[in-house]
Visitor: 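Can you read through this structure? Questions will come right after.
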Amino acid sequence: MSELRVLIAEDDPELRRVLRRGLAEEGFAPETVGTGAELLARIDSESPDLLVVDIGLPDADGRDLCQALRARGIQVPVLFLTARDALPDRLSGFDAGGDDYVTKPFAFAEVVARLQALARRAGADGVIEAAGLRLDPITHAVSCGSSSTPLTPTEFRLLARLLARPSEAVRRRDLIRAGWPYGAIVHENTLDAYVARLRRKLGALDGAPPITTVHGVGYALR
Ligand code: CA
């Protein structure tokens, strides 16, 4: 794999230095900025393969920045850094693109592992690959081996969320946040109806993992 370009947005200079040096030692090509404004200003010229974004930047919430990037059509995977006492479940809505997060203080190896997983999953073209499935964001199709089926955008976002951490149970509210835009009114049985449709579509693919109901929690791809 050629050097992956990582753009890091973190306002703590010490943490920024540690991340930059550590990622360079791990074979990444890191660049750093200290504010959200700098991130937005440099994203096009840096054209990173991966982003590391602190949630608590002085001038912006990292999640809002991510949303702004997505609105500009920038699909670079984001690894969020967040304080342990921040609400991690608010992050889940950003998992639709396969994004991830680590809580501070983190083990550096964890950051590297998450970045490598994001890079593998999202590839240069934004294709998400996990659990034997391949999700193509351009065609909105899911494929498994040689079989393939088209998805609606909502089905695509739900499946991407399930694939973000394969085999882990995903809470119903996290799926609803991932599947529908912020503020949308989604009835409980709407999610179930969409999952039922996804199940039928996956069931028609050779060797695709099933979507399992995890009682009292939500759903898992396993
Ligand atoms: Ca901060």
Side-chain angles (χ1 to χ4, degrees), residues 3-122 124 126 128 157 160-161 164-165 168 170-171 173-178 181-183:
E3 272 192 349
L4 287 169
R5 300 167 63 85
V6 185
L7 185 55
I8 302 157
E10 165 62 59
D11 59 306
D12 179 331
E14 174 62 16
L15 191 49
R16 205 160 60 219
R17 194 182 59 79
V18 165
L19 283 169
R20 184 184 187 128
R21 194 181 58 192
L23 288 177
E25 282 171 5
E26 290 291 331
F28 294 90
E31 287 295 334
T32 57
V33 295
T35 64
E38 278 180 85
L39 174 67
L40 292 175
R42 286 181 58 185
I43 183 105
D44 289 330
S45 59
E46 296 291 342
S47 63
D49 300 298
L50 297 163
L51 289 169
V52 176
V53 178
D54 179 28
I55 294 287
L57 291 169
D59 61 339
D61 183 308
R63 294 163 292 201
D64 296 334
L65 278 176
C66 178
Q67 222 163 23
L69 294 176
R70 299 293 182 247
R72 280 164 59 173
I74 295 168
Q75 298 298 333
V76 179
V78 177
L79 180 67
F80 290 107
L81 307 177
T82 179
R84 199 171 289 279
D85 57 359
L87 292 172
D89 64 346
R90 249 210 75 191
L91 292 167
S92 55
F94 294 90
D95 281 356
D99 299 329
D100 205 348
Y101 61 89
V102 292
T103 51
K104 296 177 186 176
F106 49 77
F108 183 72
E110 177 77 358
V111 171
V112 172
R114 295 272 182 210
L115 283 176
Q116 286 168 340
L118 281 177
R120 267 199 308 276
R121 222 153 53 204
I128 300 164
R157 290 193 292 269
R161 180 63 186 88
R165 294 191 177 191
E168 282 184 26
V170 182
R171 288 176 297 180
R173 59 179 175 162
D174 290 346
L175 283 167
I176 288 172
R177 284 202 189 96
Y182 180 74

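When a ligand or atom number is given, it counts from 1 through the structure's own listing order. Bear in mind the structure is a predicted one, so any value in this text is a computation, not a measurement. FYI, side chains are in, hydrogens and waters are out, and symmetry mates aren't considered; it's all heavy atoms of this structure.
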Visitor: Who are the side chain to side chain contact (heavy atoms under 4.5 Å, CB included) partners of V18, not counting sequence neighbours?
Guide: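 V18 satisfies side chain to side chain contact (heavy atoms under 4.5 Å, CB included) with E14 only.
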
Visitor: Would you say that D61 contacts I55 through its side chain, given a criterion of any heavy-atom pair below 4.5 Å between the two side chains?
Guide: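 Yes - at least one pair of side-chain heavy atoms lies under 4.5 Å apart.
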
Visitor: Partners of E31 by salt bridge (charged side-chain N to carboxylate O under 4.0 Å, His left out), sequence neighbours excluded?
Guide: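 Salt bridge (charged side-chain N to carboxylate O under 4.0 Å, His left out) list for E31, sorted by chain: R20, R42.
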
Visitor: Can you find a heavy atom in the side chain of R72 that is under 4.5 Å from one in the side chain of D44?
Guide: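 Yes; the side chains approach each other to less than 4.5 Å.
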
Visitor: Who are the side chain to side chain donor-acceptor pair (under 3.5 Å) partners of E25, not counting sequence neighbours?
Guide: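 E25 satisfies side chain to side chain donor-acceptor pair (under 3.5 Å) with no other residue.
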
Visitor: Quick one: how many protein N/O/S atoms are under 3.0 Å away from the Ca ion (ligand 1)?
Guide: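 Excluding waters, the total comes to 3.
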
Visitor: Do the non-hydrogen side-chain atoms of C66 and D99 ever get within less than 4.5 Å of each other?
Guide: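 Contact flag for C66/D99 side chains = yes.
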
